[in-house]
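By convention in this document, chain letters (A, B, ...) are assigned in the order of the sequence lines, proteins followed by strands, and residues within each chain are numbered from 1. Note that this is a predicted model, so its numbers are computed, not measured.
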Protein chains: 2
Amino acid sequence: MTISRPKPNPRSKTRARLLDVCRDLFNERGPDSVTTAQIAATAGMNEGNLYYHFQRKEQLLEALFDAFESAVQQTAGAPGEAPELIRDYLAGWFRTMWEWRFFYRDGAAIFRLAPNLRARLQTLSNEGQGLVDQALQQMCEAGFMSPLSPAERAMLITNAWIVSAYWIDYLRAGRGVTEITLDHIAWGARQVMHIFLPYLTQAGRSLAGLEL
Amino acid sequence: MTISRPKPNPRSKTRARLLDVCRDLFNERGPDSVTTAQIAATAGMNEGNLYYHFQRKEQLLEALFDAFESAVQQTAGAPGEAPELIRDYLAGWFRTMWEWRFFYRDGAAIFRLAPNLRARLQTLSNEGQGLVDQALQQMCEAGFMSPLSPAERAMLITNAWIVSAYWIDYLRAGRGVTEITLDHIAWGARQVMHIFLPYLTQAGRSLAGLEL
DNA sequence: GTCTATAATGAGATAGAC
DNA sequence: GTCTATCTCATTATAGAC
């Protein structure tokens, strides 16, 4: 039987700092352009110490995903039972996406480094789309949108989901944007809103803050 | 002064075979999960020989981009002066995207390996969107779509571009699809079509093969 | 043009002292 | 918990024989 090394404290401050630094670096340059040496150096510690807290780079990604998961669930549930302002709801989504953008951007690298995140990300995506679907249904029932069949809702949600999820990467790859600002994020929200626009009633448009 | 080594023939069969193999491998697993050793082995030759034809991995990517560029330009220009069937035009786009999907999927890795492709990809993206904009304008003038302002066209094209470009990655990351089939590609085309649907006139809908 | 070495690098990971 | 030192390994790349 194997002798296990002492387990690091899961609430340790150092651990939290490593995750913070790591998220920043990953958001900036992506998980496989960032080495464990750089993470440790940026956190102001030695690489050996990093490996005391996270024995594999994979474990860094998994711990970050835990936090990401909570953030997404909180964001998706935000409208509650009576969504007040579509615009604010969307803004919340884009903010979360911005704070965890490497998860949206570097899927391939992430799955290679931490294969078991594949299933978890998919679950998260399904849950999120389910919550958005509920919100949409409520909008229809409340007369803010024209009635939509489940198939139509699915089409709309898929398109909106894709534009949301890949907006940041699109700015980088398709528009050559290097520094993403809050204006870019607001622009993304408008793009997504535009997908729903033709289906909004007058009441819906004023709710969304879109009347001219 | 430097003594240059003999230049490999740019039209050599071996070179072409390497690029073929390379595209397949990159499409399957991404440029930085594929090593030069694997490329050479799959092409049935020694690694040293690969380096005779391409002194750096970067050069493989650049050569592949040349081919990709031609393919995109050909696809974008396809509708010519009187676009006949939107559906076929879109199908052409999705086919090209499928054949070169790693360029759409692995942007981060590609830019790290071949930084000078960044500018070229952006140019290509701009050109492509310009051509699509022209096609859209013609549709409006021909009465297939309701009249659109330039700003509205830009919104629509941006959304359609994003859904197109990231469709394959979305299937993989958001839907857990591992094997992409032609049905998935057709589905993507329908998704994009759905963005334009509210703006199509009756004539436009029958042109698009969308009447029920 | 193709092969057999082999160098050079750099990343992930571990052992063990403090 | 943190550090120093070291190992292992994959990958890119080169030199030179055939």
(request) May I ask you to evaluate whether A/Y51 reaches the phosphate of C/dT14, defined as a side-chain N or O under 4.0 Å from OP1 or OP2? (result) no
(message) What is the separation between atom CZ on A/R112 and atom P on C/dG12, rounded to the nearest whole Å?
(response) 11 Å
(request) Provide, to the nearest angstrom, the distance between the CE atom belonging to B/M45 and the C1' atom belonging to C/dT4. (result) 16 Å
(message) Rounding to an integer number of Å, can you tell me how far B/L113 CG sits from D/dA13 P?
(response) 9 Å
(request) Indicate the atoms forming the closest heavy-atom contact of B/P31 with B/D106, along with that distance. (result) CD-OD2, 3.4 Å
(request) Using the six-membered ring wherever Trp is involved, compare the ring planes of A/W93 and A/Y89 and label them parallel, tilted or perpendicular (cut-offs 30° and 60°). (result) perpendicular
(message) Can you measure A/N46 atom CG to C/dG16 atom P for me and round it to whole angstrom units?
(response) 17 Å
(request) Give the rounded distance in Å between these two atoms: NZ of B/K57 and P of C/dT9. (result) 19 Å
(message) Is A/Y52 close enough to D/dT2 that one of its side-chain N or O atoms is under 4.0 Å from OP1 or OP2 there?
(response) no
(message) Whole angstroms only, please: what is the CG-P distance between B/L50 and C/dG1?
(response) 14 Å
(request) For the side chain of A/S12, starting at C-beta, report the closest nucleotide among C/dC3, D/dG1, D/dT12. (result) D/dG1
(message) So, does B/R56 get its side chain near the phosphate of D/dA13, meaning an N or O under 4.0 Å from OP1 or OP2?
(response) yes
(request) Can you figure out which of D/dT12, C/dT4, C/dT14 approaches the side chain of A/Q55 most closely? (result) C/dT14
(request) Measure the distance from CG on B/D32 to P on C/dA11 and round it to the nearest whole Å. (result) 13 Å
(request) Decide yes or no for A/N116 and A/E58: does some side-chain heavy atom of the first lie under 4.5 Å from some side-chain heavy atom of the second? (result) yes
(message) Is the phosphate of C/dT2 approached by B/N49 (side-chain N or O, under 4.0 Å from OP1 or OP2)?
(response) yes
(message) Once salt bridge (Lys or Arg N to Asp or Glu O under 4.0 Å) is applied, do any residues pair with B/R95, and if so which ones, sequence neighbours excluded?
(response) B/E99
(request) Taking only the side-chain heavy atoms of B/H53 (C-beta and beyond), determine which of C/dG12, D/dG1, C/dG1 contains the nearest atom. (result) C/dG1
(message) If we check side chain to side chain contact (heavy atoms under 4.5 Å, CB included) with B/L61, which of these qualifies: B/F54, B/F111, B/F26?
(response) B/F26
(message) Please pick, from D/dT12, D/dG1, C/dA11, the nucleotide with the shortest atom-to-atom distance to any side-chain atom of B/T35.
(response) D/dT12
(request) Could you pick out which residue, A/P31 or B/E47, lies toward the 5' side of DNA chain C when each is mapped onto its nearest nucleotide? (result) B/E47
(request) Taking only the side-chain nitrogens and oxygens of B/T36, find out if one of them lies under 4.0 Å from OP1 or OP2 of D/dT12. (result) yes
